[in-house]
Amino acid sequence: MSTERIRLFVAATIPDDRLRLLDALVDPLRTKLVNARWTAVDNQHLTLKFLGSTPVDRLDAVIQTTTMVAHGHPRAELRFTELGAFPSQSRIRVLWMGVDDPAEALSTIARDLDRAFEPLGFPSEGRPYTPHLTLARFKLPVPLKSGFPVVDTTGIDPFSVDELTLFRSYLSPKRARYEVLQTFPLVSPG
């Protein structure tokens, strides 16, 4: 039995052109939120299930489980909405862009991934899934004195998600790096 472990998560990717348009709209905030660690565009995705440190010999089971879930869901039609923050808009630790998922496709996929991975020893998230794209993180909560920023995303066309992606993450003090291990087409049953 191998003791090697890898950090894994399952996510939906967003078309690069939509991410670049969003990045241009958010760019003016970089001078206002100077203590932020901004997420690089090539690292932005919609996390659906964080698996964390996983024994490498469980990778086949992870792939099989993700395949099974992906094959039970149709593609998702999404669009960016508005900025949000965790834990709140008055004290920001994470700045994110909301994603409108009118058919609740991502929420359903996230729930089904949670349920499918639990018997394999991966803990359930325990809270409802909220589709969002992390834009920036702050070491300490940032109070906003000039009000919460607004970014108008109506000029960015909707986009489709038609596959899930299994990522391996590599952590470093500078920034995380993500490697695509496999993609899984979403296939509606029937």
Side-chain angles (χ1 to χ4, degrees), residues 9-50 70 73-114 125-167 169 174-178 180 183-186 188:
F9 64 92
V10 179
T13 59
I14 297 170
D16 190 58
D17 63 327
R18 304 312 195 285
L19 290 175
R20 300 232 175 264
L21 288 169
L22 179 63
D23 190 57
L25 291 174
V26 171
D27 190 54
L29 296 179
R30 285 175 170 74
T31 57
K32 296 176 183 173
L33 302 171
V34 293
N35 294 326
R37 287 178 296 149
W38 292 91
T39 304
V41 170
D42 58 343
N43 274 359
Q44 292 177 341
H45 54 267
L46 301 167
T47 301
L48 296 164
K49 177 67 180 169
F50 179 74
H73 294 277
R75 64 193 279 175
E77 299 295 328
L78 311 171
R79 78 174 312 126
F80 293 128
T81 57
E82 60 189 8
L83 287 177
F86 296 133
S88 72
Q89 290 185 353
S90 60
R91 290 179 49 80
I92 304 173
R93 284 290 303 252
V94 176
L95 180 68
W96 49 264
M97 176 55 66
V99 175
D100 183 29
D101 178 15
E104 297 187 358
L106 293 184
S107 300
T108 304
I109 293 169
R111 182 198 65 219
D112 289 354
L113 285 168
D114 231 19
E125 183 62 33
R127 62 181 173 229
Y129 178 76
T130 303
H132 68 279
L133 184 69
T134 299
L135 300 174
R137 297 180 185 278
F138 301 84
K139 283 190 179 185
L140 299 172
V142 174
L144 291 181
K145 296 179 174 96
S146 59
F148 195 74
V150 175
V151 173
D152 181 5
T153 61
T154 56
I156 300 178
D157 290 336
F159 53 93
S160 296
V161 169
D162 55 9
E163 66 185 14
L164 304 181
T165 303
L166 176 64
F167 285 98
S169 66
K174 290 184 180 181
R175 76 174 207 172
R177 183 175 61 85
Y178 305 129
V180 173
T183 58
F184 308 85
L186 293 172
S188 184

Could you pull out every donor-acceptor pair under 3.5 Å between side chains of residues 22-34 and any protein atom, sequence neighbours left out?
{"from": "Asp23", "atom 1": "OD1", "to": "Arg30", "atom 2": "NH2", "distance (Å)": "2.7"}
{"from": "Thr31", "atom 1": "OG1", "to": "Pro28", "atom 2": "O", "distance (Å)": "3.1"}

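- Residues Arg20 and Val41 form a side-chain contact, since some pair of their non-hydrogen atoms from C-beta on lies under 4.5 Å apart.
- The two residues Phe148 and Ile92 make their nearest non-hydrogen contact at CE1-CD1, 3.8 Å.
- Residues Ala11 and His45 share a closest heavy-atom pair of CB-CD2, 3.7 Å.
- Rounding to the nearest 0.5 Å gives a distance of 6.0 Å between CG of Leu164 and CG of Leu48.
- Ring planes of Phe9 and Tyr178: perpendicular class, angle over 60° (limits at 30 and 60°).
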Assess whether side chain to side chain contact (heavy atoms under 4.5 Å, CB included) is satisfied between Val151 and Phe80, documenting all intermediate values. CA-CA 10 Å; Val151 173; Phe80 293 128; over 6 Å; no

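- Closest of all the heavy-atom pairs between Glu77 and Pro102 is O-CD, 3.6 Å.
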Pairs of donor and acceptor atoms involving the side chains of residues 128-136, under 3.5 Å and at least two apart or interchain, shall be tabulated with distances.
{"from": "Tyr129", "atom 1": "OH", "to": "Thr47", "atom 2": "O", "distance (Å)": "3.1"}
{"from": "His132", "atom 1": "ND1", "to": "Thr130", "atom 2": "O", "distance (Å)": "2.7"}

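- With rounding to the nearest 0.5 angstrom, the CZ atom of Arg111 is 9.5 Å from the CD atom of Glu104.
- Put simply, the side chain of Asn43 gets close to the backbone of Ala176: a donor and an acceptor are under 3.5 Å apart.
- Under the 3.5 Å distance criterion, the side-chain polar atoms of Thr81 are matched with a main-chain donor or acceptor of Gly98.
- The number of heavy atoms from other shown groups lying within 6.0 Å of CD (Gln89) is above 12.
- With hydrogens and angles disregarded, no donor-acceptor distance shorter than 3.5 Å links the side chain of Thr153 to the backbone of Ile156.
- Using a 4.5 Å heavy-atom cutoff, the side chains of Pro87 and Arg93 are in contact.
- Arg75 places no side-chain N or O within donor-acceptor distance of the main-chain N or O of Leu186, the cut-off being under 3.5 Å.
- The salt bridge (Lys or Arg N to Asp or Glu O under 4.0 Å) check on Arg137 picks up nothing, with sequence neighbours excluded.
- Across all non-hydrogen atoms, the minimal contact from Ala76 to Leu106 is CB-CD2, 4.4 Å.
- Of the possible polar contacts, none joining the Arg177 side chain to the Ser169 backbone as a donor-acceptor pair under 3.5 Å is found.
- Heavy atoms only, all atoms of each residue included: Ala12 and Val161 are closest at CB-CG1, 3.6 Å.
- From Leu140, atom CG reaches atom CZ of Arg91 across 9.0 Å, with rounding to the nearest 0.5 Å.
- Interatomic distance, CG of Asp152 versus CG of Leu83, reported as 11.0 Å (0.5 Å rounding).
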